[in-house]
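Have a look at the structure below, then the notes.
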Amino acid sequence: MIDIPKIYDPKEAERHHYARWEERGYFAPEINANPEAPVFTIVIPPPNVTGSLHMGHALQHTMMDVLTRHKRMCGYRTLWLPGTDHASISTQLMVTRQLKKEGLSRHDLGRDKFVERAWQWKREHAGQIMRQIRREGASVDWSRERFTMDEELSRAVYEAFVRLYDEGLIYRGNRIVNWCPNDQTVLSDLEVLRDPQKGKLYYLRYPFKDRDGAITVATTRPETMLGDTAVAVNPNDERYAEVIGRKLILPLLNREIPIVADEFVESEFGSGAVKVTPAHDPNDYEMGLRHNLEQVTVIDQFARMTEAAGAEFAGLDRYQARDLVIEKFESLGLLEKVIDYEFSISKCERCKTVLEPLISTQWFCRMDQLRDLALRKLRQEGKPRFVPQVPYEKVYSDWLENLRDWTISRQLWWGHQIPAWYTKDGDVIVARSVEEAKAKAGTGELKQDEDVLDTWFSSALWPFSTLGWPDETEDLKTFYPTSVLITARDIIFLWVSRMVMTGLKFIGKEPFDDVYVTGTVLDKHGQRMSKTKGNGIDPLEVFDKYGVDATRLTLASVGSTDTRWNEKQVESYRNFANKIWNAARFCLLNSEGAEAVEHAFAGGPANFPLHDRWILSRLNKTASEVNAQLDTYDFHGAVQSLYHFFWDDFCDWYIELSKATITAENDSPERNIARARLISILEQSLRLLHPFMPYLTEELWQRLPVNHSQFLPRVYANAQPTIMLAAYPQCDEALVDERAETEMQAVIDLISRVRNIRSEMNIKPGDRIELLIAAKSDLQSVFAASSDQIARLTRAAQVSIDGQVEMPKTSARAVLAGGAEVAVPLEGLIDFAQERARLSREKDKLQKESDKLESQLANPDFVARAPSDKVAELRARIADIAQRTVALDQVLEALR
RNA sequence: GCCCGCUUGGCUCAGUGGUAGAGCACUCGCUUCACACGCGAGGGGUCAGUAGUUCGAAUCUACUAGCGGGCACCA
C-alpha cells in the first residue's frame, strides 16, 4: 500500500523539481520543437545586483511565471528572460563602504582597480538573488540570463548613444542640475525625492542703492543670498511698478544688483519680491537666462561655500553659512521676521542627502522627438496597452507631455563610461569604441569622458539589448516585441516610458504589447513596506513557513489593487494546498484497479451518471473561465475559480458522491471506472492549477497512476513527462451540460436541507434517519437515480421516493424548489413547537422575498420596460415561492 | 494647486445596471474509514453620505466627507 503523509510538506517538493526542470531545459523556448507555434515573451524587470528579493519582486515574478507557465502549457514557445542591472549608484555605494572598512577611498584605489572590485562584488552578490528567483519556481530561461554590463549589452548602449548623438538627440551642456553632495554625482529629475519639511521662511531686507528704504524678500535658504544677482517682482504689481530697473545693494557683500520684472513672480506670496540666485535654484536659473543675469556659484560640489561667497563664508558648510547669514542680517537690522513654514525639500532618492542645485557640465538626452514617437504610438494605435487602463494610460501620457530633457551622465566609475573622447584641442569625438574614436579623430591622443551613463539608460534598451540588438539576431526577430511587461507603478516613468521610446526609435516597434501594472503589498497598517521603516515582510520567510505555492496564490490574488499583507490569507492557501494533497491522497489510496485513466471518460457523457456529467461540466466551465481570466490578467479571478472548483465542487461534492462506488471492496468494472474517472478529474485539475502551484502539482502529478506521456503534446517528444509541459485544459463545449448542473443542484439542495434538519433538530451525527421524498416526474427520477448517494450523504438508512407521499405527522419537513418535499420521520423525537418555529422562520424568509418581488412586478413601468426574460424570470420565481409557501402552510397545519 | 484611486459583514478583499459573495474570525455539532491545515450546520452587511439618471443603482452621473497616491510647485 502506498504510504502518503497526511500533511503536505512543501519543502520536500520544492527541493527536487526545480533543479530537474532547469537541467532538462524545460524553461527554454527551444523545448517546443514546433517552429510554427505562437511565441510568448516576457523580459524580467531586472532587479539590482545589489538587492535581495522583496515582496514586490515576488509579486511580479509570480504573475510573470503564471502567465509564462500557462502559455507554455497552451503550446506557445515561451521565453521569460532573466537578468539584473548594474545599479551604478547603489553598487558604487556598497563597494565604497567596503573599501572604507579597509581604510581606503576609491581614489586611493584608482578607477581600474575600483571597477575590478565592483565586478568582484557583483559576482559575489548576483548569485543570491538568482537563487531566490529559483526558489520562487520562476520558469525563466537561465541560458539567456543577461546583465546590463555584459559585453553584448554594453555594445548596445554605445550603439544607442552614438546614434542618438549623431542625430543631435544627445548633447553636452552646461546647465543647472540636481547634485548630490554625498554621492558626488548629478541625478535626473526622477531620482529626486520630494520631502515635506517644517522649516522657516526668512524675510530679508535689501536696501536701495540710491535712496532710503529697502525691499524685503522671503527665502527658505538665506545662505543663497550670497549668490543673488537680482531681485524680481511681477510686472503687474503696482507696489513695485516704480522701482523696476532700480538698483539694490546686496547686504554682506555690498554687490549692486538690479530689480527686474518677471511674470514668474507671484505677487501674493511672501513680500511679492523674489531674490534671484541663478546658480542655485532651477527657477532662478531660468529667470537668470531671461534677464541675462550673472551666475555666481557660492556653493560647491561638497555643499560648502566658495570663495565667491566672501572670505567670511568661504569653506563653511551650507547650514553653518545659513546661521551666519541670519546672525549678520539681524545685527544689521535687516532681518524683518522669521516665520514657521512648511515646504518640500529635494533629497537624494538613495542616500536622502539634501540635494544642491548646481550649474555643471553634463550630458543630456533630448526628449521631444522621442516623446512624440511614444505619444503618437499611444494615440494612433493604443500601444502599449496598459492594464488596468485606468488610471495608468493617462498617468503615462500626462508625464510624456510634460517631459524635460534627461540628464544621462553620472559622476561615477561603475557603469558604462560615456563613449566620448576629447582631443587636445578640446574637440569631442563620440564613437562606439576607442578605435573608432581614434580613426574619427585622426589622432591617438584622446582622453575619454570620465563619467558613466545613468543605469536607466541601459535599462531602457533591455527588451532588445537582451535579444542581441544591434545585431539582427534570430532571437530579436523571434521574441521582439515582447508580449507583456509586468511591473510596479513606480517605475512607469523611470523605465517603462523610456523602453517604449528607445524601442520605437531603434527597432520601430514598441517593446511590449501590454503593460500590466501590479498592485502594491502594504503592511497590515496600510503603509508601504520599506527598508527604512523596517516594516517589510521577507518573502523567503513566508516561503519557509507556508510554502512557495501558497505564497504564490496569495500574491496572485493581489492583482492590480493595493492590498494589506494578511498572513491569515497565506495560511488559508496553505490549507488549500493541503486540501489538494489530501484529495490526491484519497484518490491514490483508492486507485487500485483504475486503468487507462486517459480514457476514463471515453464514449461520451450521454450514459454517464449525473455526478460525472456534472463534474465534467464544472471542470470544463472552470477551464474556460481560467483561460479567459489569464488572457485578461485577472489573476485574482483565476485563483477564485480554481479554489472554488477544487474545494467546493471536486472535494465537497464529487469525491463524496463518488465514494459510494469507489470504496467498494469488490473489484467490479463499475468501481474501477469510477476510480479512473476520479483520477482523471484530479489529473486535469492539477494541470489547471499548475501555473499557480508548480511544485505541488508536479509532485502529485508524477505520482498518479497514469500514462504521463499521453498528456504531453508531440512537440515535446524527447522530454521526460512533466506537468509543466502537459497540455493546459481547454473547454470542451460538448461537456458543458446545463441540465446536469441544474439537476445536480437539486440533489445538492436536497442533501443540504436534510443536513439542516439534522442539525437543527439535534439529531446525533451517528443516528440513521429515514427519508421520504415527494417529487414530480422529472425530479423524481433524478432523486431516484441518486438515492444511494443521497442516503450516504444524509446518513439515511432508507430513502423512499414517489410522486406523492403520505408524510407522517411526527416528521421534520422541508419544501424544495420545484415543489419537491422531503420529510424526516422522527418518531417520538420531534418537538412540535420547535419544528413549527423552524418552519415559520422559513416561511417568513420566503414571504419577505416574495413581497420584494411582488412589489417589483406591481410596478407597471417594470413590466412595460424591462426585458421580457427578466419579467418572466421574476414571475417564475414568484410562482415557485408561492408553491413552496402553500406546501409549508400544509405542513404547519398538520403540526397543529 | 491640478489629477487619480479607494470607501461592501469584526478583519482582508472580490463583485461594474436586474435575487449582496469569498477567505479568515464568530456560534453550534462532529476524532464520519483523504484531510482537525478537516467535516456538517448557522449568525452577521439599508455596499461612506446626499442628490440625480433609470422600470430597476453596490454597480452610471454630480457633489460632500474620510483615507491613500501621483504630478507641479510659491521663493
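Rounded to whole angstrom, the span from the CZ atom of A/Phe646 across to the P atom of B/rG23 amounts to 16 Å. In this structure, the CD atom of A/Glu854 is 17 Å from the P atom of B/rU19, given to the nearest Å. In this structure, A/Glu656 places its CD atom 11 Å from C1' of B/rC35, rounding to the nearest Å. Atom CZ of A/Arg758 is separated from atom P of B/rC30 by 12 Å (rounded to the nearest Å).
Remark: RNA chain B takes part in the stems B:1-7 with B:65-71, B:10-13 with B:21-24, B:26-30 with B:38-42, B:48-52 with B:60-64, each of 3 or more antiparallel Watson-Crick or G-U pairs, criterion distances under 3.5 Å.
Of the P atoms belonging to B/rG23 and B/rC39, the separation is 10 Å, rounded to the nearest Å. Spacing between B/rC13 and B/rU8 at atom C1', rounded to whole Å, works out to 10 Å. B/rC11 and B/rA48 are spaced 14 Å apart, taking the P atom of each and rounding to whole Å. Across B/rA72 and B/rU59, the matching P atoms stand 34 Å from one another, rounded to whole Å.
In this model, a side-chain donor or acceptor of A/Lys659 finds a partner on the base of B/rA34 within 3.5 Å.
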**Request:** Given side chain to side chain donor-acceptor pair (under 3.5 Å), test A/Gln569 with A/Ser557 step by step and report yes or no.
**Result:** CA-CA 10 Å; A/Gln569 184 82 22; A/Ser557 293; 4.9 Å; no
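In this model, no donor atom of one side chain and acceptor atom of the other lie less than 3.5 Å apart for A/Glu625 and A/Gln629.
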Which pairs, protein N/O on one side and nucleotides 40-47 of chain B N/O on the other, fall under 3.5 Å?
from   : atom 1 : to       : atom 2 : distance (Å)
B/rA41 : O3'    : A/Asn756 : ND2    : 3.1
B/rA41 : O2'    : A/Ser759 : OG     : 3.2
B/rG42 : OP1    : A/Asn756 : ND2    : 2.6

Distances under 3.5 Å between nitrogen or oxygen atoms of protein and nucleotides 56-66 of chain B:
none

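Side-chain N/O atoms of A/Lys568 include none lying less than 4.0 angstrom from OP1 or OP2 on B/rU12.
Checked against B/rA22, B/rA75, B/rU32, the side chain of A/Gln640 finds its nearest nucleotide in B/rA22.
Between A/Tyr396 atom OH and A/Ser497 atom OG the span is 6.5 Å, to the nearest 0.5 Å.
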